[in-house]
Amino acid sequence: GTFTDPRDGIVYKTVKIGNQVWMAENLKATKYSDGTDIPNVTSNYGWYDQISDAYCWYDNDPDIGNTYGALYNWYAVNTGKLCPTGWHVPSDAEWTALTDYLGGKIFAGCKLKEAGTVHWNSPNTGATNETGFTALPGGGRGYEGKFNSIGGGGYWWCATEYHTNAWLRYMYYYSGNVYRSNHGKENGYSVRCVRD
């Protein structure tokens with residue numbers, strides 16, 4: 001199906017996987033669900049120095065964002081207002097439920113990644129996108145402000161903290177796995193929303 005975000009009129013594809021309904025595209029929101037602006041931080045130094053909510057486009061290019069969505073630091077995730085009303089940033093447990101439903105993290109990436117090499121680097125190992133989730137390699141922005149890995153990796157925040165870090169999931173062009181790790185909250189990654 002589809003869902004129209006009332007904040008900006010962007011229409012997102014949606015997909016039901018198991019008992020969950022996910023957006024089948026990375027989030028592109030520049031405003032919170034209460035209508036306030038998400039701070040857009042473009043400079044490397046500004047991103048490095050940022051200990052509050054922020055977003056950016058990869059290479060500060062909105063055209064790239066049209067395809068891959070925006071990159072958000074975890075402080076923006078933690079506001080609880082990043083996804084539209086009726087949706088939320090998935091928890092670590094909700095991501096685990098998704099990968100478990102798809103046969104485990106070793107196989108789930110194949111079923112979630114967009115097939116082919118239009119957006120993913122070759123060989124995009126095992127990708128079938130049989131779920132319709134259409135995971136894209138939107139790359140990330142490191143805590144020091146540098147952009148990296150577009151085409152090679154996709155990284156998605158969880159809403160769950162881990163000590164001073166937060167959990168995320170990521171997929172690579174050379175693997176069918178969905179990897180789980182925790183990174184610093186200053187990093188910029190993609191976000192998928194799941195329905196409440």
Side-chain angles (χ1 to χ4, degrees), residues 1-7 10-29 32-33 67-72 74 76-120 123-140 149 152-162 165-183 187-196:
T2 60
F3 172 82
T4 302
D5 192 335
R7 297 175 287 190
I10 294 175
V11 179
Y12 293 94
K13 295 175 183 174
T14 64
V15 62
K16 188 174 189 292
I17 305 173
N19 294 320
Q20 299 171 318
V21 177
W22 292 78
M23 287 186 178
E25 301 176 55
N26 292 341
L27 192 67
K28 304 173 187 177
Y32 289 120
S33 58
T67 298
Y68 295 97
L71 301 173
Y72 303 92
W74 194 82
V77 172
N78 196 43
T79 64
K81 302 183 293 185
L82 193 53
C83 290
T85 301
W87 299 76
H88 61 275
V89 179
S91 66
D92 180 52
E94 285 175 309
W95 265 104
T96 297
L98 174 67
T99 55
D100 284 353
Y101 178 79
L102 297 175
K105 60 187 180 180
I106 295 175
F107 307 103
C110 297
K111 301 173 183 179
L112 294 170
K113 290 192 296 178
E114 179 189 63
T117 54
V118 172
H119 298 111
W120 284 93
N124 194 15
T125 301
T128 65
N129 197 31
E130 62 190 76
T131 59
F133 188 87
T134 316
L136 291 178
S149 302
Y155 307 82
W156 294 270
W157 279 123
C158 301
T160 309
E161 289 182 276
Y162 181 77
N165 290 349
W167 290 108
L168 69 149
R169 294 298 191 279
Y170 50 102
M171 306 176 210
Y172 290 131
Y173 72 97
Y174 56 78
S175 171
N177 285 26
V178 175
Y179 298 91
R180 175 180 181 259
S181 187
N182 59 86
H183 290 179
N187 290 286
Y189 296 130
S190 302
V191 166
R192 287 292 179 104
C193 300
V194 66
R195 186 175 286 165
D196 293 351

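Residue numbers start at 1 and run along the sequence shown.
At a threshold of 4.5 Å between non-hydrogen side-chain atoms, the residues T125 and S175 do not count as touching. Contact of the V21 side chain with the V194 side chain is not registered, since no non-hydrogen atoms from C-beta on lie closer than 4.5 Å. Contact check for S181 versus Y170: side-chain heavy atoms found under the 4.5 Å cut-off. In this structure the side chain of Y189 reaches within 4.5 angstrom of the side chain of H183, judged on heavy atoms. When side chains are defined from C-beta on, K13 does not count as touching T134, because their heavy atoms never get closer than 4.5 Å. In this structure the side chain of V191 reaches within 4.5 angstrom of the side chain of L82, judged on heavy atoms. Contact check for S149 versus Y155: side-chain heavy atoms found under the 4.5 Å cut-off. For the pair L112 and V178, the minimum side-chain heavy-atom distance is below 4.5 Å.
Residues A108 and L102 approach most closely at CB-CB, 4.0 Å, considering heavy atoms. Shortest non-hydrogen contact noted between G126 and C110 is O-CB, 3.1 Å. In terms of heavy-atom proximity, A115 sits nearest to A127 at CB-O, 3.6 Å. Taking both residues in full, the closest heavy atoms of V89 and A159 are given as O-CB, 3.5 Å, listed atom of the first, atom of the second, then distance. Closest heavy-atom contact between A24 and G132: CB-O, 3.5 Å. Contact detail for S91 and C158: the closest heavy-atom pair is C-CB, 4.0 Å.
Here the OG1-CH2 distance, from T14 to W87, works out to 5.5 Å after rounding to the nearest 0.5 Å. Distance check, rounded to the nearest 0.5 Å: OH of Y32 to SG of C83 gives 11.5 Å. Note that CZ of F133 is 9.5 Å distant from CD of Q20, once rounded to the nearest 0.5 Å.
Geometrically, R195 does not engage F3 in a cation-pi contact, judged by NZ or CZ lying under 6.0 Å from the ring centre and within 45° of the ring axis.
Looking at T85 and R7, their side chains never bring a donor and an acceptor atom within 3.5 Å of each other. Counting only N and O atoms by type, the side chains of W156 and N26 include a donor and acceptor under 3.5 Å apart.
By the 4.0 Å N-to-carboxylate-O rule, R169 lies close enough to D92 to be salt-bridged with it.
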When you look at I17 and L98, which way does the side chain to side chain contact (heavy atoms under 4.5 Å, CB included) test go after all the steps? CA-CA 7 Å; I17 305 173; L98 174 67; 3.6 Å; yes
Does Y72 form a side chain to side chain contact (heavy atoms under 4.5 Å, CB included) with L27? I'd like the steps, not just the answer. CA-CA 9 Å; Y72 303 92; L27 192 67; 3.7 Å; yes
Check step by step if side chain to side chain contact (heavy atoms under 4.5 Å, CB included) holds for W157 and R192. CA-CA 8 Å; W157 279 123; R192 287 292 179 104; over 6 Å; no
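Results of the ring pair (Phe, Tyr, Trp, His ring centres under 6.0 Å) test with W95 over Y101, W22, Y179 single out W22 as the only residue that passes. Evaluated for a side-chain hydrogen bond (donor to acceptor under 3.5 Å, both in side chains) with N124, the options H119, E114, K113 yield exactly one hit, K113.
More than 12 heavy atoms of other shown residues, nucleotides or ligands fall within 6.0 angstrom of atom CG in D196. In the displayed structure, K105 atom NZ is contacted under 6.0 Å by at most 12 heavy atoms of other residues, nucleotides or ligands.
Checking side-chain atoms of K28 against main-chain N and O of I10 turns up no donor-acceptor pair under 3.5 Å.
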